[in-house]
Amino acid sequence: MSNGTLVVVGAGNAALCAAMAARENGARVLILEAAPEHEKGGNSYFTAGGFRFCHTGVDDAATDVLIDLSEAERERIVLPVHDRNTFYDTLMKVTHHQADEDLAWRLIDGSRPGMVWLRSHGIRFIPMFGRQSFMVDGKHHFYGGVNIEAVGGGAGLVEAELARALKIGCEIRYATAATRLIQDRQRRVTGVEVRGPDGYEEIPADAVVLACGGFESNPEMRARYLGPGWELARVRGTRHNMGAGIRMALDIGARPFGNWSGCHSVGWDISAPPYGDYEVLDNFQKHSYPWGVMVNLRGERFVDEGEDLRNLTYVKFGREIMKQPHRTAVQIFDQKTIPLLRDEYRIKQVTKVSAGSIAELAVALEIPAAALTATIEAFNAACRPGDFNPSVLDGVSTTGLAHQQDQLGAADRPGAVRGLRHHHRRHLHLRRPAHQRSGRGAGRQRPHHPGAVRRRGAGRRAVLRELPRRHRPDVRHGVRQAGGRERRGVRRQGVSPRLWLPGRGDQRPCGRLQQRRGLAGVEDLRRHEGTVDQQ
């Protein structure tokens, strides 16, 4: 639009792109952010800032997107071709061909021009070395398609876009939430009603863009659309996405569209708070499950951890975790795979413990030792040899298991075992949902619950002593779910397992959950046992 007034509701990546595009075409732009300034950015702030777009390799991408790469850097990068057909095939694969055909091609064909346009506004991009590549023969081999990220991740992307929007003349109002779209008698949208620090007011506009996320922060809407139990999920991002934009549009007759009962759900460390942490951001996720074995609290595997590349499985595995007892899963790794784990496993807030054997690990996790031992032994016996390459579907697999590990397993695992216990919270990304995030430090100060966890035996005490004080369990919160899938053979020889146990005030070692539920109270469990992200 030109010379008109545009109100953009939201301040994440989509909203800021809309604001910049309108402003460079002559519109007067007002951005409304429901969150206070220190919680700005919506769910975009909590992402890795990764992008999928069409290119034919690193030399092609370096012409207009990765323009900061030197020739020496390009020579050390193996970036698979990701052309429009690859993009389309991947999109249809993960959506089971339910994606709208016209919208799919619009997304695909606009992906590269969109990246170039962002670069023209000063947004810088780099290869995603830490999360989407492995060193093979001295080169960074990328995989999965989402190989390029904004400098600084999602937080860097939002900060750079916001600075640019303000520089070119956009205005922003924080702590100002849109509550209603205003129409004239011909049903044309003429403005928006907002609720700000000084109360309600009406803002006239020639057009309104609703880019304010979905409803992942709204437990009532999650239960209504996703189904029973989803109100217990936690949220990776902002706490302000309550579905207001969707509600406002429906109130004036917008047609519901898309997959309302589907969501983006991932494994989340059990020590994470109910909403996003502005220091940890998305590092509570635990996505190295292809290199380990994932079990539930009964010691049973329930997915094929190596079914496909991580980028194509973590969302649906999150939903599978939700079906497990207490929405909880455990990731077990051996010592050879520890170097392959993503950096998110090395943050100080991670929940982990080591044990000397699978049996000891089971006791510490309060999983039936016989069941877990049988699961690991069966997995090891099913592993077949092959040439392992973590950056591709290498064909190394297991045979004869209920949940076959199809591609990413390697049978020549060394003896040492690391058991990682992840009680993960889940993240949900809904098709039209809202991401939740909390402000810096928000959600950390939780009232002390008078009940105390009963420590049972030297094993429990040893586990608790290994946890930092801030991660020691308390009874008031329920255990969460974890994400992951099966990978390679784990040998029960030399040992040094780690388990992911609950951390912070809202998690606890997972044994005797029924007892804890009695101590905790329904309201606490309802508030703290899940994780949701909508995008």
Side-chain angles (χ1 to χ4, degrees), residues 10-12 33-48 153-155 158 174-175 177 212-223 226 230-245 263-286 318 322 327 344 347 349-351 423-430 433-447 470-471 474 476-483 502-507 523-535:
E33 169 61 288
E37 185 172 2
H38 67 278
E39 297 182 30
K40 64 179 179 292
N43 277 347
S44 299
Y45 213 94
F46 291 88
T47 69
V158 169
Y174 292 105
C212 45
F215 56 79
E216 79 277 6
S217 301
N218 188 327
E220 186 273 336
M221 293 185 74
R222 294 201 306 267
L226 299 180
W230 287 100
E231 72 276 13
L232 302 177
R234 295 188 184 183
V235 177
R236 176 182 68 175
T238 177
R239 62 189 176 92
H240 297 282
N241 282 359
M242 299 293 288
C263 65
H264 179 189
S265 53
V266 306
W268 203 237
D269 195 294
I270 195 171
S271 69
Y275 297 106
D277 185 309
Y278 274 79
E279 295 178 0
V280 179
L281 298 175
D282 68 339
N283 281 306
F284 281 120
Q285 66 189 359
K286 297 295 175 284
M322 281 289 281
R327 298 168 304 282
E344 63 213 29
I347 63 174
Q349 296 87 351
V350 74
T351 311
H423 286 286
H424 284 213
R425 309 187 304 184
R426 299 182 38 127
H427 288 182
L428 315 177
H429 284 285
L430 304 182
H435 275 72
Q436 279 194 336
R437 149 175 52 116
S438 60
R440 188 174 297 277
R444 293 183 184 172
Q445 291 77 31
R446 303 188 180 98
R470 66 192 290 240
H471 286 269
D474 129 25
R476 62 189 177 60
H477 304 297
V479 179
R480 323 239 165 179
Q481 64 263 25
R504 279 196 188 173
D506 56 345
Q507 280 132 355
E523 189 61 27
D524 282 334
L525 294 173
R526 180 178 300 117
R527 289 202 328 265
H528 299 288
E529 280 193 357
T531 301
V532 175
D533 266 346
Q534 302 178 0
Q535 192 162 289

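These numbers come from the heavy atoms of this one structure, side chains and all, not from hydrogens, waters or symmetry mates.
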Check your understanding: Hey, are the side chains of H240 and P36 touching, using non-hydrogen atoms and a 4.5 Å cut-off?
Key -> yes

Study note, to complete from the structure: Here the pair of heavy atoms bringing D282 nearest to T47 is OD2-C, 3.9 Å

Check your understanding: Where is the tightest heavy-atom contact between P219 and E231, given as atom of each residue plus distance?
Key -> O-CB, 3.5 Å

Check your understanding: What pairs with E220 under side-chain hydrogen bond (donor to acceptor under 3.5 Å, both in side chains), at least two apart in sequence or on another chain?
Key -> R224

Practice item. Working to the nearest 0.5 Å, report the span between CH2 of W230 and CZ of R222. Key: 9.5 Å

Study note, to complete from the structure: Smallest heavy-atom separation, V158 atom then G41 atom, equals CG1-CA, 3.8 Å

Check your understanding: Which atom names give the shortest non-hydrogen contact between A155 and L281, and what distance separates them?
Key -> CB-CD1, 4.2 Å

Check your understanding: How many angstroms lie between CD in E344 and CZ in F284, if you round to the nearest 0.5 Å?
Key -> 11.5 Å

Review point. Which value, rounded to the nearest 0.5 Å, describes the distance between I347 atom CD1 and E279 atom CD?
Key: 11.0 Å

Point to revise | Student check: side-chain heavy atoms of M322 and L226 closer than 4.5 Å | key: no

Practice item. For E33 and A11, work out which heavy atoms get closest and say how close. Key: OE2-CB, 3.2 Å

Exercise for review: Determine the minimum heavy-atom distance between Y45 and K40, stating which atoms define it.
Suggested key: CD1-O, 3.5 Å

Point to revise | Stepwise side-chain contact (heavy atoms from CB on, under 4.5 Å) test for V350 and K286 | key: CA-CA 9 Å; V350 74; K286 297 295 175 284; 3.4 Å; yes

Review point. Quick one: CZ on R239 to CD on E39, what's the gap to the nearest 0.5 Å?
Key: 4.0 Å

